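Just so you know, ligand 1 is whichever comes first in the structure, and atom 1 is the first atom listed for that ligand. Note that the coordinates shown come from a computational prediction; the quantities given were computed from them, not determined experimentally. Nothing fancy with the numbering, it's 1 onward along the sequence. Hydrogens, waters and symmetry mates play no part in the numbers below; they use all other heavy atoms, side chains included.
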Amino acid sequence: MKARLSDLLLLLLILQVGCSDAIDPSKFTTPFERSDSLETTSYSEGIAWWRSLEEASPYVCVQEFGKTDVGLPLHVVIVNASRNFNKTKIHENGKTIILINNAIHPGEPDGVDASMIYVRNLVSSAEFTKDYKDVVFLIIPFYNVGGALNRNCCSRANQNGPVSYGFRGNARNLDLNRDFTKADSKNAQSFLLFYNQWNPDVYLETHVSNGADYPYTLTYLLSHPKKLTPPLDDAIETLFSKPLEERMEAQGDQIIPYVNVFGTSPDSGFQRFYDSPRYSTGFTALHHAFGLLTETHMLKPFKQRVASTLRFMQNLGSLVAQNSQKIQQLRLQAVENSYNQSDYVLDWKVDEGNPSKLKFKGYRAFTDTSEVTQQPQLYYDRNDVWEKDIDYFDKLTPTIRTKAPTSYLVPRAWSEVIDRLNWNGVEMKLIDQDTTLDCGVYSIEDMETSDTPYEGHYNHHHTRASKELRTVKIRGDEYYLVSLNQRSKRFLIEVLEPEGPDSYFNWNFFDEILQQKEWFSSYVFEPEAAAMLDDPEEKAALDAFIASNPSFKDNAFAKLYFLYRRSDHYEKDRYMTYPVFRIE
Ligand SMILES: [Zn+2]
């Protein structure tokens with residue numbers, strides 16, 4: 001009898017714990033709600049709020065990961081109906097992981113506030129433990145912490161609220177949504193490690209747009225299907241794009257792909273945004289995840305924008321929960337397909353001759369003479385809404401192709417590159433013995449370099465490299481062997497092939513090779529050059545060189561330098577030689 005009484009007490013205790021699991025949402029109002037939807041949550045308010053939710057709800061855990069450039073840590077809120085917050089166990093349990101990244105541009109804070117309301121309502125709902133049992137949410141409340149601390153009233157010139165917000169640049173004035181491959185910021189470095197350890201299936205990043213005026217509150221962007229490995233290319237449209245549009249419309253909040261229009265009106269159509277890997281959705285595509293991004297419209301009131309972002313999160317979360325197994329299967333198939341893929345496209349251009357049609361609602365655009373510039377100025381009449389099919393340039397044409405090697409050899413001397421490969425979860429092995437290998441070796445033949453800095457770099461572009469097979473002596477402990485028989489294959493090709501638009505070469509990580517180190521004194525080299533011309537082949541080559549440009553005829557240095565480059569003195573294994581070799 002005593003034992004049965006204690007069993008009853010235990011049961012009562014369990015029931016009580018069960019009751020306390022569902023938090024009372026009214027006790028967790030957000031600064032946004034308390035300000036009548038006029039203010040966004042500050043960094044300190046936000047972290048404190050999430051900590052209080054963590055304390056109250058057994059489904060919520062706040063963890064720190066890595067540092068940011070401002071010295072403060074990054075936080076992630078893990079939401080799991082199974083009350084388990086260990087990533088190894090979460091992976092073992094086969095959960096589908098959705099990562100929501102907020103305040104990458106802290107002047108665009110809609111997702112910061114929407115995420116708080118979303119998670120609070122989700123974990124206090126009756127269906128949470130049943131409907132979301134296969135999903136784990138990872139919420140980064142503030143990714144750009146330094147920018148979030150730089151609160152100001154006015155740096156978003158065209159934005160309708162909130163009353164104050166953070167700044168776009170981080171503590172180093174970097175735009176973190178251009179930093180996913182080069183990873184200059186500590187934020188990105190921490191993120192890459194975090195991302196590759198968690199390996200999320202779905203990624204959502206929240207923004208507020210600039211650009212044209214139109215009636216939609218929320219526009220969205222997906223990783224370009226051409227950047228995704230099949231079957232993710234079709235699946236991102238069928239699993240996410242179409243159902244999200246349908247559900248949002250049914251809820252009275254019609255959405256449209258990101259309106260990529262600046263300085264003109266959308267009447268004559270626009271291009272689908274092409275997200276190279278420097279952008280989040282381009283980056284997540286390399287890791288075979290579904291990448292999505294929301295852009296609420298800057299001129300819509302903050303309250304309306306947060307509501308729309310929240311609605312999008314709710315619909316996305318429920319789609320992920322309903323398709324959790326399918327999402328993982330599709331990703332596994334994509335990884336499998338990437339192992340067998342040999343032809344890769346490194347860069348694309350928008351196909352301007354073959355647009356699709358997009359049913360679009362717009363405001364009538366008109367021009368008036370500006371009082372300031374006395375030139376035509378574009379305006380929109382919001383009382384005059386049109387709807388028509390416009391040209392949507394959503395197709396891409398390949399511009400640079402490559403074939404995958406079996407492996408790369410990456411010299412350890414380029415430690416910044418090795419770091420980035422490590423942060424991206426790349427497996428590599430130091431070759432510890434002296435050896436000789438036949439390798440494909442690139443010479444940089446041509447490139448252009450920006451005159452002005454972009455995100456702290458003078459990038460290269462239009463890079464052209466020629467490749468020849470060379471027998472290369474490898475000293476032990478000098479090179480990492482990076483096999484492409486791994487999940488990161490696509491990522492590796494895009495960052496290590498020098499012609500790729502976001503390759504480490506084009507982001508200046510290999511600029512050391514662009515400078516010749518040794519030279520010659522003309523008066524010393526002259527006799528040797530003269531001896532070289534005894535060889536008819538050398539003589540013919542010099543004659544052809546002089547004939548190629550009349551100015552060379554009277555240029556003594558140009559002639560000697562031409563012969564010097566053909567002599568054994570010239571550092572042809574170094575200068576302009578890309579130091580990452582291919583094992584074909
Ligand atoms: Zn943004």
Side-chain angles (χ1 to χ4, degrees), residues 40-41 43 46 68-69 74 99-115 139-152 154-162 164-182 184-185 187-188 191 203-214 216-224 255-263 270-284 291-302 304-306 308-310 312-313 316 454-455 502:
T40 186
T41 308
Y43 172 77
T68 64
D69 277 326
L74 281 161
L99 169 60
I100 300 177
N101 194 3
N102 297 303
I104 189 167
H105 295 151
E108 308 167 17
D110 304 11
V112 170
D113 300 288
S115 293
I139 316 277
I140 298 177
F142 303 90
Y143 178 45
N144 179 353
V145 177
L149 295 175
N150 265 337
R151 263 168 103 90
N152 72 94
C154 310
S155 56
R156 298 279 298 166
N158 303 318
Q159 193 164 289
N160 188 356
S164 68
Y165 38 73
F167 184 67
R168 184 181 186 90
N170 86 333
R172 266 180 72 182
N173 209 31
L174 290 166
D175 184 334
L176 298 187
N177 199 20
R178 308 291 183 272
D179 201 29
F180 283 94
T181 41
K182 66 186 172 68
D184 288 329
S185 66
N187 307 53
F191 177 88
Y203 176 86
L204 172 67
E205 192 175 279
T206 55
H207 290 256
V208 182
S209 77
N210 287 357
D213 199 3
Y214 44 79
Y216 306 96
T217 304
L218 188 142
T219 68
Y220 73 101
L221 196 148
L222 306 172
S223 306
H224 200 291
I255 61 173
I256 198 91
Y258 176 56
V259 182
N260 190 18
V261 177
F262 300 89
F270 57 88
Q271 296 181 352
R272 179 173 181 153
F273 187 78
Y274 164 49
D275 47 347
S276 73
R278 74 187 63 177
Y279 301 98
S280 55
T281 51
F283 164 81
T284 55
L292 299 95
L293 192 146
T294 53
E295 292 271 6
T296 53
H297 191 256
M298 65 207 175
L299 294 175
K300 305 297 181 289
F302 184 47
Q304 190 176 322
R305 296 190 337 245
V306 172
S308 205
T309 305
L310 172 61
F312 191 92
M313 279 180 191
L316 179 64
Y454 172 79
E455 295 300 318
D502 280 333

**OP:** Report the name of the N/O/S atom of H207 located nearest to the Zn ion (ligand 1).
**Re:** ND1
Subject >> Considering only N, O or S atoms of H105, the one closest to the Zn ion (ligand 1) >> reply: ND1
Subject >> Contacts of D175 that satisfy side chain to side chain contact (heavy atoms under 4.5 Å, CB included) - sequence neighbours left out >> reply: H105, R168, N177, R178, E455
Original post:
side chain to side chain contact (heavy atoms under 4.5 Å, CB included) with N210: which residues, sequence neighbours excluded?
Top reply: R156, F262, M298
**OP:** Flag the pair Y203 / F283 as yes when their ring centroid distance falls below 6.0 Å, and as no otherwise.
**Re:** no
Original post:
About how many Å separate CG of D69 and CG of L174, when rounded to the nearest 0.5 Å?
Top reply: 6.5 Å
Subject >> Minimum-distance atom from the Zn ion (ligand 1) among N, O or S atoms of E108 >> reply: OE1
